Amino acid sequence: MKYFFIAGEVSGDLHASHLIDAIKKVDADATFVGMGGDKMLACGMQLTAHIKQYSFMGFVEVLQNLSKIKRLYRLITSEIVSQKPDKVVLVDYGGFNLKIAKFCKQHGFETHFYILPKVWAWNEKRVKKIKKYVDFGYCIFPFEENYFRTFGINANYVGHPVVEQVDAFLSTTKSIDINKNQVALLPGSREQEIKKMLPPMLEVASMRPNLNFVIAANDYTIEKHLPKLPQNVKIEFGKTFETLMQSQVALVTSGTANLETALLNVPQIVCYKANKLSYAIGKRVVKIKYISPVNLILDKAVIKELIQNDLNAINLAAELDSILETKNALKIKEEYNHLRKVLGNKKAATETANFILKHKK
């Protein structure tokens, strides 16, 4: 069968690449085309658009790039019509992919939404669009299945893809010793995240010369944003999990990396800062108590979140010192054990691939 995939961010590229590999195992004749990144390309997918041109974070940033997004919509919809896929697989990227789902419903294409939009967090009215336009949905937080089914949406909890990815890494990795003086820095993958989160992280490094700081970077985009690094800071590319496991603590930009860090059992501080206007708008419309997936899933403040004006070097340094006290680190790790039990051991890509093959309109 032919599958048309649409992923719009670095994390989506990663999750989609694992799903493509899983589909190949159950559909030997599968071919893949669509929008994605380097990881999907490496899986043999034919790219019609690359994510590096379309990864925007924040309300204002989306508005500033509306013309580019409209051109992308026209490109993707025309490609779907010309490619005539058997199944369209939408991966995260909620705002854009819901528009594609509507187009697919109007033109008779079967849609599968992997990582359903977090409408429970904000803009819940979109749940009506999911019910109307998405044929089959797959959710990655345990509480989401019941939430979506309450609205009559065909949704299945498939497990969180990070669990599968971390477990795969751990199964092939020898024991890694922790460097008690090492702190991992994960400033994010988007350009605007790096600009906001990296400066206070580096300032903390300058304030704590007795510690070694390692920036975990996925690609070389970060290099153009690097000032002269303090002597106690170095950068590692493509070794995020290894860097985390070697570290006693991590300073992590809010997002999927929080969950990765937790599953690797590393105490962390969550960092988040956005465009001022985007944050002001977000504060009005977002209705969740926490921004970290770890805190959201456990429904309590397991890890400290430093958001917007609270994200500064002084606060980061104070929280870092607090975690370096053994008792505080142990408390966080105890909660991580509970998190692992709540998430379960489902292999998200494998579960989703089997559902996609089994489900038909």
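The figures that follow rest on heavy atoms only: side chains count, while hydrogens, waters and symmetry mates do not. Since the structure is predicted, the reported quantities are computational estimates derived from the model, not experimental observations.
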How close do [X] and [Y] get, heavy atom to heavy atom, and via which atoms?
X      : Y      : answer
Gly36  : Met40  : CA-SD, 3.4 Å
Leu306 : Leu311 : O-CB, 3.8 Å
Pro230 : Ser206 : CG-OG, 3.4 Å
Gly12  : Val91  : O-CG1, 3.8 Å
Ala205 : Asn232 : O-ND2, 2.9 Å

Using modelled atom types and a 3.5 Å cut-off, is there a donor and acceptor pairing between side-chain atoms of [X] and backbone atoms of [Y]?
X      : Y      : result
Asn295 : Val302 : yes
Asp13  : Lys39  : yes
Arg149 : Ala155 : yes
Asn258 : Gly255 : yes
Thr48  : Gly34  : yes
Lys2   : Lys84  : no
Gln308 : Ala274 : yes
Glu164 : Ala349 : yes
Thr240 : Ala216 : no
Asn312 : Asn315 : yes

So do [Y] and [X] actually touch side chain to side chain, heavy atoms under 4.5 Å?
X      : Y      : value
Cys139 : Asn156 : no
Met201 : Cys271 : yes
Val88  : His112 : no
Glu351 : Tyr138 : no
Thr111 : Val89  : no

Kindly compute the distance separating [atom1] ([X]) from [atom2] ([Y]), expressed to the nearest 0.5 Å.
X      : Y      : atom1 : atom2 : answer
Glu110 : Lys87  : CD    : NZ    : 3.5 Å
Ile332 : Ile323 : CD1   : CD1   : 4.0 Å
Glu305 : Ile291 : CD    : CD1   : 5.0 Å
Arg340 : Asn337 : CZ    : CG    : 9.5 Å

Flag for [Y]-[X]: side-chain donor and acceptor within less than 3.5 Å:
X      : Y      : result
Tyr336 : Gln268 : yes
Asn181 : Arg208 : no
Gln165 : His15  : yes
Asn179 : Gln248 : no
Tyr3   : Asp27  : yes
Glu124 : Tyr147 : yes
Gln182 : Ser247 : yes

In this structure, is the centre-to-centre distance between the rings of Phe148 and Trp120 below 6.0 Å?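 Ring centres of Phe148 and Trp120 not closer than 6.0 Å.
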Is the ring centre of Phe169 less than 6.0 Å from the ring centre of Phe241?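 Between Phe241 and Phe169, which both carry aromatic rings, the centre distance is below 6.0 Å.
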Specify whether His359 and Phe136 have parallel, tilted or perpendicular ring planes, treating 30° as the upper limit for parallel and 60° as the lower limit for perpendicular. parallel
Using 30° and 60° as the class boundaries, would you call the ring planes of Tyr73 and Phe96 parallel, tilted or perpendicular? perpendicular
Quick check on the hydrophobic clustering: are Tyr133 and Tyr93 connected, directly or via other members, by side-chain heavy-atom contacts under 4.5 Å?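 Result: no, two separate clusters.
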Could you check whether Glu335 pairs with Lys300 (Lys NZ or Arg NE/NH1/NH2 to Asp/Glu carboxylate O, under 4.0 Å)? yes
Could you check whether Lys24 pairs with Asp29 (Lys NZ or Arg NE/NH1/NH2 to Asp/Glu carboxylate O, under 4.0 Å)?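 Judged by the 4.0 Å cut-off on N to carboxylate O distance, Lys24 and Asp29 do not form a salt bridge.
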